[in-house]
Every structure is written in structure tokens, then in C-alpha cells.
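Report on one structure; see the data block that follows.
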Amino acid sequence: MNLLKNTHKTLGLGLLFFMTLLSNKAEAQTTIIPNLDSRVITTGVPFLLIASDARAAGMGDMGVATSVDTYSQQWNPSKYAFSETKSGFGISYTPYLSKLVNDMFLGNVTYFNRLNERSAFAASFKYFSLGEIELREDEFSEALIEKPNELTLDVSYSLRLSDQFSMGVALRYLRSDLKISAFDPSSKAAGSIGVDISGYYQSEEEAYSDFNGRWRGGFAIQNLGPKIKYDDAGRENFIPTNLRLGGGFDFIFDQYNRINVTAEVTKLLVPTPPVYGTEYNYTDTNDNGVYDPDIDTRGSIVNSNVIIQGQDPNVSFMSGIFQSFNDAPGGFSEEIDEFTFALGTEYLYQDSFALRAGYFSENESKGARKFFALGAGFKYTTIDIDLSYLFSASKVQSPLENTLRFSLSFNIGDDEYSEY
């Protein structure tokens, strides 16, 4: 009798131990649930990607392969080696979010000088004002005024390597002062540097059946430089390193009429955000090893930042450049989605009047910037005046929608070089 009682006791303890193991096994199960976050690529100082001159804006934000002008510094400084003008000076103004505020703007000042038949240098200053921000503790306290802003200062040198091809290099200082000192007195402006490497090709004028023509081509790798960081404990942000490729053709009908057609593609050379997920403990009710949200109970979080697809974006800026070509979670098709495309045309009459039109497109999953642009240019003696206007074609409203941009250029010195 005692033996039977002890046997029952032993079986009961064994069964309890076995059930405990099953319970622990169930609690040890984990599952990863994807986060439905956007994979739009973001960078620090994104204002660098905004067209600051009206001519480029009027053709759909392009300039790497268009003919040389005063503002080539932003797009492709190697074009200055083909300038017919000895030197030039330009000022441009672009209102930003003009429907909401009247004190946000992007301004640009550029100067270039063609040193001789083969070389040129240029310098520019770009300033992005986010307007005035008024801070009050309550309705009776005195207002504190903050003026966040970002700016760049750059210089470039271009050298003509042959009659049809030139290359250029630019060095850029970036400064971003966005912190509110009233909230954090120890805050300071962030800074970084960037380097541009560019090339430009312009063929000789060739005769065709009904017109003459000239081919153009250009490339630029822009903003090669270290990440930007606002404080020692803050997150590092990539600056907008990008690759621009473009080509175009000039239809020269006679000495008075010319039509230029240009296409351009651009890709950010920074890592694509991967698909993240959150890892949870869960109770596997039917013990099948698969999480079923209808019957299984989700428990505590094990890891809130698990990479499901893609690659870790926390790499150096140089590693990020190479990684940016093959890290999209969606594979090759998503890599293609990360290119933006622009197509622009320009009609010139006697090099004194211009009409321009352009279209810019970005994939909807990568920012959804799509817009049409119109522009015009006027030349009087040594002064060029350019205007442009943007029409959004996307469901996502552009901060530059229905914005009129202005550029004013002064050609200094006589036309000393013959290139056209």
C-alpha cells in the first residue's frame, strides 16, 4: 500500500516537473513582428538638395549636364572651364513654405572667374533661414526669439583636360544651427565638410540634315564627407552625399534659335533604412512553434530594434557609399526606386530670351516628390534675370509649390572665350 502511494506521489511530481518544462518552453518562444515604418532615406542638412537658382529650378531641378551658367557651382563646377564670360556674380532667392510663413527662404551668392583657356575657380555661399521662432513660458512672460539656420561655404577649381572634357573639385563647409538654446544652453551648431568631384563633356558643333547640334554630358559626386553630429551623445546623420548623371543635346537651328534638351538621374549615396521588427516573448498555445495572433498571447519585448531585411545603416560615410548600391530590402527593384529622374528643355532666342520647362519624379515609397516646372530668362547687356515656378504633381504637397524663384546674374568683363 505504501509502495503504491509512493509510486503515485512520484508520478505526480514527475508530471508536475514535465508540465513546468512545457510551460517554460512555451514562455521561451519568441516572435518578431515587423514595424510598418517608411524606408524613405533621410539625411542631415537636406536643404543642400534644393535647387537654389531659378534656371535649374525651371528645368526640373537639374544642372549637372546643362550648359554653363553662373550657378554651376551647385551642380557641376567643372562646367566653368567652358564659360565664354571671363567672370560672373549671381544672387538668388527662393521662398520656402510661402503658403504658411513669410520668413523662411533659401539664398545663394556665387562668384566665378575663368583664369585662362584651361582653368577656372568659383566660390559660393548658401544660407537657409528657418525664420523666427517665438518662445514663451506663458502669456505674461517676455518672448524669446530664436533664429535657426543652416549654411554652406564652398570653393571649387576646374581644369580642362581636353578640348571637350573638363573636371572639377569643390570643398564645402557645412554648418547647421537648429538647436533651441533656451531649452539647452549648452547646445551648439553642428558642422561638417564635403567634397565634390565632377566632370563635364561638351562636343564640337556638328552639322545634321536640317540643323546643327552639340552633345553634352556630365557627372558629379557631391558632399563626400563625414556625418554631422549635434552633440556628443546625439545621433550621427549622414550628409546628403549623392551621385548625379546627365546628358543633353542642343538643337541649333540658326544663329537666333536653339533648343536644349537635358535628362538627369540622381541617387543618394547613403544607406537605405532596413526593415525593422520588434521581438516579443509569447505563449505558444498550440505548441506549433509559430506565432498566431488569434490564439497566442504576446508577452514582454525582448528586442525592439531587430533588422529583418536589409543591412545595418550604422556605418561610416565611406562604407555607406558602397553599401547604398546593394542594401535595399526590396532588392534591385527597390534600388532602382531610389533614383530620381528629371527631364528639362530650354528654348533660347539670340541668347537674350529663354523659355524653360521641366519635370521631376521620385518614387512614391521614397519621398513622392513629383512636380512640373516652368521658367523664363531675360538678358540685358551684362545682366541675366531668371524666374521659375513649380506645380506639384504628387499627393504629397511640396513646400515649394506655387513658389516663384528669382535669380540675378552679372557678367563681369567681355566675352573673351569662344565656345559655341
query = Can you name the salt bridge (charged side-chain N to carboxylate O under 4.0 Å, His left out) partners of Glu150, sequence neighbours left out?
reply = none
task = Please determine if Glu334 and Lys366 form a salt bridge, counting it only when a charged side-chain N lies under 4.0 Å from a carboxylate O.
result = yes
key: Pair Phe378 + Phe353: ring centers closer than 6.0 Å   = yes
ask   = Do you see a donor-acceptor pair shorter than 3.5 Å between the side chains of Asn149 and Ser129?
value = no
query = Side chains of Asp250 and Trp215: do they bring a donor and an acceptor to under 3.5 Å?
reply = no
inquiry  = Side chains of Gln73 and Asp154 only: does a donor on one sit below 3.5 Å from an acceptor on the other?
reply    = yes
message = Before we go on, tell me: are the rings of Tyr200 and Phe165 under 6.0 Å apart, centre to centre?
response = no
inquiry  = Is it the case that atom CZ in Phe332 sees more than 12 heavy atoms from other parts of the structure closer than 6.0 Å?
reply    = no
query = Looking just at side-chain N and O atoms, do Ser198 and Lys79 make a donor-acceptor pair shorter than 3.5 Å?
reply = no
query = Where the side chain of Arg216 meets the backbone of Ala65, is there a donor-acceptor pair that is under 3.5 Å apart?
reply = yes
request  = Establish, from distance only, whether the side-chain atoms of Asn108 and Thr110 form a donor-acceptor pair under 3.5 Å.
outcome  = yes
query = Does a salt bridge link Glu362 with Lys370, judged by any charged N lying under 4.0 Å from a carboxylate O?
reply = no
request  = Check Tyr80 against Thr70 and note the closest heavy-atom contact, atom names and distance.
outcome  = OH-O, 2.6 Å
query = Has the side chain of Asp210 got a donor or acceptor atom that lies under 3.5 Å from a matching backbone atom of Tyr208?
reply = no
request  = Quick one: sort the Phe360 and Phe371 rings into parallel, tilted or perpendicular, breaks at 30° and 60°.
outcome  = parallel
message = Would Leu390 and Asn402 count as a side chain to side chain contact (heavy atoms under 4.5 Å, CB included) here? Give the steps.
response = CA-CA 5 Å; Leu390 183 149; Asn402 300 326; over 6 Å; no
query = Sub-3.5 Å donor-acceptor pair from the side chain of Ser87 to the main-chain atoms of Ile412, do we have one?
reply = yes
ask   = Using 4.0 Å as the upper bound for N to carboxylate O, is an ion pair formed by Asp351 and Lys379?
value = no
Sidechain-backbone polar pair: Gln222 side chain, Val195 backbone, donor-acceptor under 3.5 Å = no
Pair Ser78-Asn76, side-chain donor/acceptor within less than 3.5 Å = yes
inquiry  = Parallel, tilted or perpendicular, judged at 30° and 60°: which one describes the rings of Phe253 and Phe251?
reply    = parallel
message = Would Asn116 and Arg114 count as a side chain to side chain donor-acceptor pair (under 3.5 Å) here? Give the steps.
response = CA-CA 6 Å; Asn116 50 49; Arg114 185 165 176 180; over 6 Å; no
task = If the plane angle is over 60° it's perpendicular, under 30° parallel, otherwise tilted; pick one for Phe47 and Phe128.
result = parallel
request  = Please lay out, stage by stage, how Glu346 and Arg258 fare under the test salt bridge (Lys or Arg N to Asp or Glu O under 4.0 Å).
outcome  = CA-CA 8 Å; Glu346 177 181 48; Arg258 187 169 85 233; 5.8 Å; no
inquiry  = Quick check on Phe322: does its CZ atom have over 12 non-hydrogen neighbours (other residues, nucleotides or ligands) under 6.0 Å away?
reply    = no
request  = Kindly write out the residues that satisfy side chain to side chain contact (heavy atoms under 4.5 Å, CB included) with Ile383, not counting sequence neighbours, or none if the list is empty.
outcome  = Ile385, Leu408, Phe410
request  = Would you check if there is a donor-acceptor pair between the side chains of Ser124 and Gln74 at a distance under 3.5 Å?
outcome  = no
message = Whether Arg55 and Asp386 form a salt bridge (side-chain N of Lys/Arg under 4.0 Å from carboxylate O of Asp/Glu) is what I want to check.
response = no
query = Hey, would you say the Phe372 and Phe391 ring centroids sit under 6.0 Å apart?
reply = no
task = Just jot down the side chain to side chain contact (heavy atoms under 4.5 Å, CB included) partners of Thr345, sequence neighbours excluded, or say none.
result = Ile259, Val261, Ala357
